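Accompanying notes for the structure given below.
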Amino acid sequence: MGKPPNLYAFSDTDELAQALRAFVLDAQHIAFERHNIFRVGVSGGSLPKVLAKALLEKTNGEGKLDFKKWEVFFADERAVPLDHEDSNYRLVKEELLDKIPAELGAPTVYPIDVKYLDDIQEMADQYEQTLVKCFAARDSVRVPMFDLLLLGCGPDGHTCSLFPNSPLLRETEAWVLPISDSPKPPPKRITLSLPVASHGIKIGFVATGGGKKEIMKQIFDTEEGHSLPCGLINTFAQDRVSWFVDYPAVEGVSFPSRRGNL
Ligand SMILES: O=C1O[C@H](COP(=O)(O)O)[C@@H](O)[C@H](O)[C@H]1O
């Protein structure tokens, strides 16, 4: 596998959130040094709640989040209105964005263009154009490099809206892809392609709860797990990937996890 990903396990989500905060602060620091802006791709699902705990709860910890220099993009999004209960934007907004204290500044957020709810190819193309404008022209950058990608892992090993055995996993050119038959509802979505979802300076996965332990065993302990979407990102991005999990999610996993500390 080359350089293996980092697997950090914690006794509860409070501890996990503290470590995730340190990880995000580190990524922010690297990004500010690099280009004084912090480009983050976020997922929906269970991630926004844990992320909000990491970023909003007061800690004694060092480091300041400077949200006004953040640009927030969506690793995947469902083709629904932005206030719909299935919208990843709505989830991230309600869990995190709406709760950021004014003194920390407000990020620039890039939701999908809901004009294209009935044409997901066009929606994906438009979102790709958004990335092109923010990250530099497509001609000069083959694949955009996020400062930080924050991803989830479904119980089937999907991440973003890249599902196991999907032909979308073979895409090498497009940055953003439409999907019309997602096995998990709602069916119509857009997603970062695998090359983009693997192209973060840092990539953080968050997976919690016993419901994830079987898939974690597959991803980390089996050969077949390497071809699951999460496993492919581990393989491509190697030690740029860090997993933040709780003990129930790695019960029975043999791959070495570091307990409690980054
Ligand atoms: O459908 C989705 O699922 C994944 C995983 O969700 P989780 O609830 O198991 O963490 C999520 O990362 C993705 O953004 C979402 O659209």
Side-chain angles (χ1 to χ4, degrees), residues 5 7 10 13 16-17 20 24 40-54 72-97 109-112 114 117 120 123-124 127 146 148-166 168-169 176-194 196-198 200 203-220 225 228-234 237 241-246 248-250:
L7 178 57
F10 303 90
T13 43
L16 186 161
L20 184 62
V24 173
V40 185
V42 293
S43 302
S46 54
L47 179 109
K49 203 182 190 70
V50 183
L51 184 61
K53 195 186 249 298
V72 176
F73 302 87
F74 289 83
D76 72 319
E77 182 55 288
R78 290 88 177 274
V80 293
L82 297 179
D83 59 357
H84 192 279
E85 62 175 339
D86 288 333
S87 163
N88 284 345
Y89 169 80
R90 183 196 61 80
L91 195 60
V92 173
K93 180 173 180 303
E94 288 180 3
E95 291 289 351
L96 175 65
L97 302 172
V109 183
Y110 293 94
I112 52 165
V114 290
L117 288 180
I120 50 170
M123 180 186 282
Y127 207 72
F146 280 88
L148 176 64
L149 283 161
L150 291 167
L151 305 179
C153 167
D156 56 355
H158 84 269
T159 190
C160 306
S161 285
L162 296 166
F163 289 86
N165 304 315
S166 165
L168 298 190
L169 294 170
V176 183
L177 296 166
I179 165 166
S180 56
D181 56 353
S182 161
K184 175 180 173 182
K188 292 202 300 181
R189 298 157 170 241
I190 64 166
T191 181
L192 295 181
S193 62
L194 186 60
V196 180
S198 311
I203 300 175
F205 277 97
V206 174
T208 56
K212 299 278 162 82
K213 74 179 178 194
E214 292 308 326
I215 197 65
M216 290 295 289
K217 277 189 228 168
Q218 273 194 53
I219 292 168
F220 282 94
L228 289 168
C230 293
L232 289 167
I233 293 183
N234 278 350
V241 181
S242 295
W243 285 75
F244 295 84
V245 302
D246 60 5
V250 280

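In this text the structure is predicted, and so the values were computed from the model without any measurement. Both counts, for ligands and for their atoms, begin at 1 and track the order of listing.
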Residue pair Ile112 / Tyr89, side-chain heavy-atom distance below 4.5 Å: no
Close approach, Cys153 and ligand 1, non-hydrogen under 4.0 angstrom: yes
Distance from atom 9 (O) of ligand 1 to nearest protein heavy atom, with residue and atom: Lys212 NZ, 2.9 Å
Reported CZ-to-CG distance for the pair Phe244 and Leu150, which is rounded to 0.5 angstrom: 9.0 Å
Ring geometry between Phe220 and Trp243 (parallel below 30°, tilted from 30 to 60°, perpendicular above 60°): perpendicular
Min heavy-atom dist Glu77 to ligand 1 below 4.0 Å: no
Per-atom contacts, ligand 1 versus Cys160 - under 4.0 Å to a heavy atom: 13 (C)
Heavy-atom gap Ala75 to ligand 1 smaller than 4.0 Å: no
Arg90 side-chain N/O to His84 backbone N/O, donor-acceptor pair under 3.5 Å: yes
Numbering as shown, the atoms of ligand 1 that approach Arg189 to under 4.0 Å (heavy-atom distance): 1 (O), 2 (C), 16 (O)
Parallel, tilted or perpendicular: rings of Phe146 and Phe73 (30°, 60°): perpendicular
Ser161 N/O under 3.5 Å from ligand 1 N/O: no
Proximal ligand 1 atoms for Ser43, defined as those under 4.0 Å from one of its heavy atoms: 12 (O), 14 (O)
Heavy-atom closest contact (Ala75 atom, Leu151 atom, distance): CB-CD2, 4.0 Å
Polar side-chain atom of Tyr110 near backbone of Tyr127 as donor-acceptor pair, under 3.5 Å: no
Heavy-atom side-chain contact between Asn88 and Ser43 under 4.5 Å: no
Protein heavy atom at shortest distance from atom 16 (O) of ligand 1: Asp76 OD2, 2.5 Å
Protein contact to atom 10 (O) of ligand 1 [nearest heavy atom, distance to 0.1 Å]: Ser46 OG, 2.5 Å
Close side-chain approach of Leu228 and Gln218, heavy atoms under 4.5 Å: yes
The one among Pro185, Gly209, Gly152 that brings a heavy atom closest to atom 12 (O) of ligand 1: Gly152
Contact partition for Ala207 relative to ligand 1, non-hydrogen atoms under 4.0 Å: neither
Residue Gly154 vicinity, atoms of ligand 1 by number, heavy atom under 4.0 Å: 5 (C), 9 (O)
Closest protein heavy atom to atom 4 (C) of ligand 1, given as residue, atom name and distance to 0.1 Å: His158 NE2, 3.2 Å
Proximity to ligand 1 by part of Asn88, non-hydrogen separation under 4.0 Å: side chain
Any N/O pair Gly45/ligand 1 closer than 3.5 Å: no
Proximity of Lys184 to ligand 1 by residue part, where a heavy atom lies under 4.0 Å: side chain
Residue pair Thr159 / Cys153, side-chain heavy-atom distance below 4.5 Å: no
